[in-house]
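Taking it in order: structure first as structure tokens, then the write-up.
Values below: all heavy atoms of this structure, side chains included; hydrogens, waters and symmetry mates excluded. As the structure lists them, so they are numbered: ligands from 1, and atoms in each ligand from 1.
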Amino acid sequence: MLFHTIVAGLLASVAMAAQLQQVTYPAAPQSRATMWVYVPDNVVENPPLVVAIHSCQSSAQNYFQNAKIPWHQGSDRKGYITVWPSSSTECWDVSSRQSLVRDGGGDSTAIGNMIKHAIETYKIDKDRVFVTGGSSGAMMSNVLAATYPDIIKAVSLYSGVPAGCFVSASGGVAQWNNTCSGGQSHASAEQWGDVVRAMYPDYDGPRPRMQIWHGSVDTTLSSNNYQETIKQWTNVFGLPEKPVEEIQNYPQANYVTQNFGEGVQGIWAVGVGHSVPSNLTASEEWFGL
Ligand SMILES: *[C@@H]1O[C@H](CO)[C@@H](O)[C@H](O)[C@H]1NC(C)=O
Ligand SMILES: *[C@@H]1O[C@H](CO)[C@@H](O)[C@H](O)[C@H]1NC(C)=O
């Protein structure tokens, strides 16, 4: 009898525990990305939203289950909702003409649609919509900050490249761009800023606050991409290219936090390769969660 009660109780708790679920959303042309959502058991009212974007050769399920990707835990602890976009290709499309412009179709439009769908469906607090990702997911985070600045409040991205750095000469989808990944794509701050502005012409509203992490010995997406990304967003925010404040050994040993003024923060991880591990506490702090 007791045994049965325990088994029944366990089954009930298993059945009730929140799980990652696929949901349908208004898809975008030229993207077959799928949308996955995690609503924690203790979801708060008018919840914040964090969009966690996976790296190459991954998926929403893999990323969600990866113990090094902390957003599942963060969601359980703090009651915010997480959306996990899943790509149908090896890496996210951060190269095609359609994906590098607002509502142009492609994966960026798909994720933009996911965010809008989540805001409506889960009564998300529109002032607390955040994006994070690693590697290919970090590249996509930069592209989303450029294409959907009106619906994203802040971004915390790990080991990416500037928005538009993977742009393909043909206009089609290219899985990889050796020039950019190898750290050979250099431009002035103004030119990188123009790349962002061209992705959503005529937009002059607020931009998502950008937190940019990169390892100093990254050989997959060259460490040069840190400085190029900083140039890009400081230009968009009208900030100086040089930090106004530098904090050694913060948020952890051998990391340097560089503040460029309101809106842009860089975190340079000395001796760290690809990709910098997510620091949940530091990213949540950036988001104000
Ligand atoms: C790779 O990206 C650069 C910009 O970073 C671009 O100029 C170049 O054409 C791209 N390469 C290919 C093969 O599309
Ligand atoms: C993450 O950042 C916080 C500060 O925001 C820091 O206290 C903590 O030690 C960092 N985590 C790791 C694993 O270093």
Next on the checklist: Suppose we call two aromatic rings close when their centres sit under 6.0 Å apart. Are Trp36 and Phe64 close by that rule?
Outcome noted: no
Checklist entry - Considering only heavy atoms of Ala282, which atoms of ligand 2 have at least one such atom less than 4.0 Å away? => result 2 (O), 5 (O)
Item to check | Residues Ser159, Asp218; criterion side chain to side chain contact (heavy atoms under 4.5 Å, CB included); working and verdict | outcome: CA-CA 8 Å; Ser159 309; Asp218 191 328; 4.0 Å; yes
Next on the checklist: Give the atom numbers and elements of ligand 2 that come within less than 4.0 Å of a heavy atom of Asn279.
Outcome noted: 1 (C), 2 (O), 3 (C), 8 (C), 10 (C), 11 (N), 12 (C)
Checklist entry - Are any of the N or O atoms of Ala169 closer than 3.5 Å to those of ligand 1? => result yes
Item to check | Donor on one side chain, acceptor on other, Asp76 and Tyr38, under 3.5 Å | outcome: yes
Checklist outcome for this item: If we number the atoms of ligand 2 from 1 as shown, the ones under 4.0 Å from a heavy atom of Glu285 are 5 (O)
Item to check | Heavy atom of protein closer than 4.0 angstrom to atom 13 (C) of ligand 1 | outcome: no
Next on the checklist: Just checking Phe166 against Trp176, ring centres under 6.0 Å apart?
Outcome noted: yes
Next on the checklist: Does atom CZ (Arg102) have a neighbourhood of more than 12 heavy atoms from anything else shown, all under 6.0 Å?
Outcome noted: yes
Next on the checklist: Does this structure show an ion pair linking Lys123 with Glu45, if we count only N-O contacts that are shorter than 4.0 Å?
Outcome noted: no
Checklist entry - Does a donor on one side chain and an acceptor on the other come within less than 3.5 Å for Asp107 and Ser99? => result no
Checklist entry - For Glu120, does the CD atom have more than 12 heavy-atom neighbours from other residues, nucleotides or ligands under 6.0 Å away? => result no
Item to check | Polar contact flag for Gln252 and ligand 2 (N/O pairs, less than 3.5 Å) | outcome: yes
Checklist outcome for this item: The option among Asn177, Val161, Thr179 carrying the non-hydrogen atom nearest to atom 10 (C) of ligand 1 is Asn177
Item to check | Side chain, backbone, both or neither: Ser185 near ligand 1, heavy atoms under 4.0 Å | outcome: side chain
Checklist entry - Does the protein put a heavy atom under 4.0 Å from atom 7 (O) of ligand 1? => result no
Checklist entry - Should one rank Cys180, Gly171, Ser95, Cys165 by closest heavy-atom distance to atom 5 (O) of ligand 1, which comes out on top? => result Cys165
Next on the checklist: Which residue and atom name correspond to the protein heavy atom nearest atom 9 (O) of ligand 2, and how close is it?
Outcome noted: Pro251 O, 4.0 Å
